[in-house]
2 protein chains.
Amino acid sequence: MQRMTRQRTALADLLEVTPDFRSAQQLHQLLKDAGQNVGLATVYRTVQAMAEAGDVDVLRIEDGEALYRRCARGHHHHLVCRECGKTVELAGEAVERWASRIAQEHDFVDVDHTAELVGICRDCAARIYGGGARA
Amino acid sequence: MQRMTRQRTALADLLEVTPDFRSAQQLHQLLKDAGQNVGLATVYRTVQAMAEAGDVDVLRIEDGEALYRRCARGHHHHLVCRECGKTVELAGEAVERWASRIAQEHDFVDVDHTAELVGICRDCAARIYGGGARA
DNA sequence: GCATTGTTGAGAATGATTGTCATGCCGTCC
DNA sequence: GGACGGCATGACAATCATTCTCAACAATGC
């Protein structure tokens with residue numbers, strides 16, 4: 001049984017109002033800043049349970065650190081701004097089709113796939129490149 | 001300038017004959033087993049340099065550990081068997097088109113993407129599922 | 001050969017994540 | 001309302017991949 005504790009409520013509430021991907025360490029700090037003391041181990045445990053339950057998405061950045069974010073149920077992908085963290089959820093049917101076609105072509109079964117896009121959003125591009133066009 | 005040292009040669013030779021993704025720790029152990037003592041730090045440094053140069057591919061497994069593998073030059077994706085590690089390199093033009101279309105739709109620039117497929121190859125499927133069909 | 005300078009390696013340091021286990025609190029039953 | 005059983009918590013230790021440090025080393029150019 002999943003008990004609804006103060007800690008889990010606090011973390012769920014925090015994720016509800018946090019639009020960007022955050023590490024477990026960051027979430028722990030944010031809770032502390034908000035006066036909600038929640039143990040680091042509890043943050044890790046809870047966030048992992050939520051990931052398994054499909055309530056949050058997990059993203060691994062370049063150095064292997066795990067980032068979490070509240071997400072819509074169901075399979076989808078992301079487009080993330082590497083500057084500000086702004087995230088767009090993608091249905092990505094084209095990717096599903098590609099993955100299943102490749103799997104068939106090579107006689108693979110039970111094929112899962114990961115597909116993430118990382119770029120720079122319009123606002124950050126304007127700020128960084130001074131509004132100039134850039135491919 | 002890049003000097004050709006005994007250590008780099010040994011690592012390059014090892015990667016040349018290693019078809020599957022291996023962690024830096026594993027590569028270090030394999031070198032030791034082969035009588036080629038190469039420091040762990042050197043393995044990490046060398047493998048990272050090779051990754052930057054595009055001579056090896058990097059793959060992050062679920063727990064964040066980095067795996068390396070000799071690869072063809074140029075951008076491509078992978079289809080990996082989660083049982084035996086068998087790897088197929090994919091040109092994946094469909095993914096490139098999808099990524100660039102999504103980037104345009106959302107006004108993102110400088111968009112990189114990752115896309116990896118993980119499944120079970122025909123041989124392993126036959127071994128595991130007893131040769132029966134399975135989607 | 002010899003100097004120059006990038007490279008190596010042993011071990012310490014880092015930092016995220018996980019394990020430990022006594023204590024605490026939620027849900028339940030009375 | 002109050003007791004109880006057991007999952008949940010948290011402070012801290014432990015783990016483990018990866019990076020750092022820096023003196024000793026060895027390619028390369030001459």
Side-chain angles (χ1 to χ4, degrees), chain A residues 1-15 18 20-53 55-69 80 82 85 114 116 118, chain B residues 1-15 18 20-53 55-69 80 85 114 116:
Chain A
M1 168 202 11
Q2 269 290 55
R3 289 182 182 165
M4 192 47 65
T5 64
R6 175 185 64 78
Q7 292 84 345
R8 282 179 194 170
T9 303
L11 188 51
D13 288 350
L14 173 60
L15 285 168
T18 303
D20 305 332
F21 279 92
R22 298 288 178 211
S23 69
Q25 306 274 352
Q26 288 176 321
L27 293 170
H28 174 241
Q29 186 58 49
L30 286 169
L31 286 171
K32 186 178 292 182
D33 293 347
Q36 293 280 342
N37 265 311
V38 177
L40 184 56
T42 300
V43 174
Y44 273 102
R45 278 187 295 244
T46 305
V47 100
Q48 276 167 9
M50 293 173 110
E52 270 182 42
D55 293 326
V56 301
D57 281 333
V58 189
L59 198 62
R60 294 248 169 216
I61 53 179
E62 212 176 328
D63 72 344
E65 191 176 355
L67 304 183
Y68 302 89
R69 175 176 179 273
V80 184
R82 69 166 64 89
T114 62
E116 304 292 337
V118 183
Chain B
M1 167 202 11
Q2 269 288 54
R3 289 180 182 171
M4 192 46 68
T5 64
R6 174 184 66 78
Q7 292 85 342
R8 282 177 193 170
T9 303
L11 188 51
D13 288 349
L14 173 60
L15 285 168
T18 304
D20 306 332
F21 279 92
R22 298 288 178 211
S23 70
Q25 305 274 352
Q26 288 177 320
L27 292 170
H28 174 241
Q29 186 59 50
L30 287 170
L31 286 171
K32 186 177 291 181
D33 293 346
Q36 292 279 343
N37 265 311
V38 177
L40 184 56
T42 300
V43 173
Y44 273 101
R45 277 187 297 243
T46 306
V47 100
Q48 277 168 9
M50 293 172 110
E52 270 182 42
D55 293 326
V56 301
D57 282 334
V58 188
L59 198 62
R60 294 247 168 217
I61 55 180
E62 211 176 328
D63 72 344
E65 191 176 355
L67 304 183
Y68 302 89
R69 176 177 178 272
V80 184
T114 62
E116 305 293 337

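Note on naming: letters A, B, ... go to the chains in the order of the sequence lines (proteins, then strands), and numbering restarts at 1 for each one.
The side chain of B/Met4 sits closest to D/dT28 out of C/dG9, D/dA17, D/dT28. Here the side chain of A/Ala41 is nearest to one of C/dT8, D/dA11, D/dA8, namely D/dA11. Candidate nucleotides C/dG9, D/dG10, C/dT17 were compared by shortest atom distance to the side chain of A/Thr42, and D/dG10 ranks first.
Checked by atom type and distance alone, the side chain of B/His28 never pairs as donor or acceptor with a backbone atom of B/Gly39 at under 3.5 Å.
Inter-residue side-chain proximity for A/Leu15 and A/Val56 is flagged as met; some heavy-atom pair is nearer than 4.5 Å. For the pair B/Leu40 and B/Gln25, the minimum side-chain heavy-atom distance is below 4.5 Å. Residues B/Gln26 and B/Gln29 have side chains not in contact (no heavy-atom distance under 4.5 Å, counting atoms from C-beta outward). Side-chain contact check for B/Val58 versus B/Tyr68: some heavy-atom pair is nearer than 4.5 Å.
B/Asn37 comes within 4.0 angstrom of sugar-phosphate atoms only, judged by non-hydrogen atoms across all strands, and of no base. Using a 4.0 Å heavy-atom criterion, one finds that B/Arg45 contacts the bases of the nucleic acid, with or without backbone contacts as well. Within the nucleic acid shown, B/Gln2 comes within 4.0 Å of sugar-phosphate atoms alone, with no base atom in reach, counting heavy atoms only. Within the 4.0 angstrom heavy-atom criterion, only backbone atoms of the sugar-phosphate kind lie near A/Gln48; the bases stay farther away.
Distances shown here put every side-chain N or O of B/Thr5 at or beyond 4.0 Å from the OP1 or OP2 atom of C/dG6. When the side-chain nitrogen and oxygen atoms of A/Tyr44 are compared with OP1 and OP2 of C/dT18, none of them lie within a distance under 4.0 Å. At the phosphate of D/dC16, neither OP1 nor OP2 sits under 4.0 Å from any side-chain N or O atom of B/Gln25.
We find that CD of A/Glu65 is positioned 17 Å from P of D/dA17, with the value rounded to whole Å. As rounded to whole Å, 17 Å separates atom P of C/dG6 from atom CD of B/Gln7. At whole-Å resolution of the value, NE2 in A/His28 and P in C/dA16 are 12 Å apart. For the pair B/Glu62 CD and D/dA17 C1', the computed distance is 17 Å after rounding to whole Å. The distance from atom CG of B/Leu40 to atom C1' of C/dT14 is 15 Å, rounded to the nearest whole Å. As rounded to whole Å, 11 Å separates atom C1' of C/dC25 from atom CZ of A/Arg6. Going from atom CZ of B/Arg22 over to atom P of D/dA17 covers 15 Å, rounded to whole Å. Here the C1' atom of nucleotide D/dA17 and the CG atom of A/Asp63 are 11 Å apart, to the nearest Å.
Separating the CZ atom in B/Arg69 from the OG1 atom in B/Thr18 is a distance of 10.0 Å, to the nearest 0.5 Å.
Applying the side-chain contact (heavy atoms from CB on, under 4.5 Å) test to B/Thr5 and every residue at least two apart in sequence or in another chain returns B/Arg3, B/Gln7, B/Arg8.
Overall, the helix from C/dG1-D/dC30 to C/dC30-D/dG1 carries an axis bend of 30° between its ends, with five pairs at each end and the value rounded to 10°.
Side-chain atoms of A/Arg3 and base atoms of C/dG27 include no donor and acceptor less than 3.5 Å apart.
Neither side chain, A/Arg6 nor A/Thr9, offers a donor N or O lying under 3.5 Å from an acceptor on the other.
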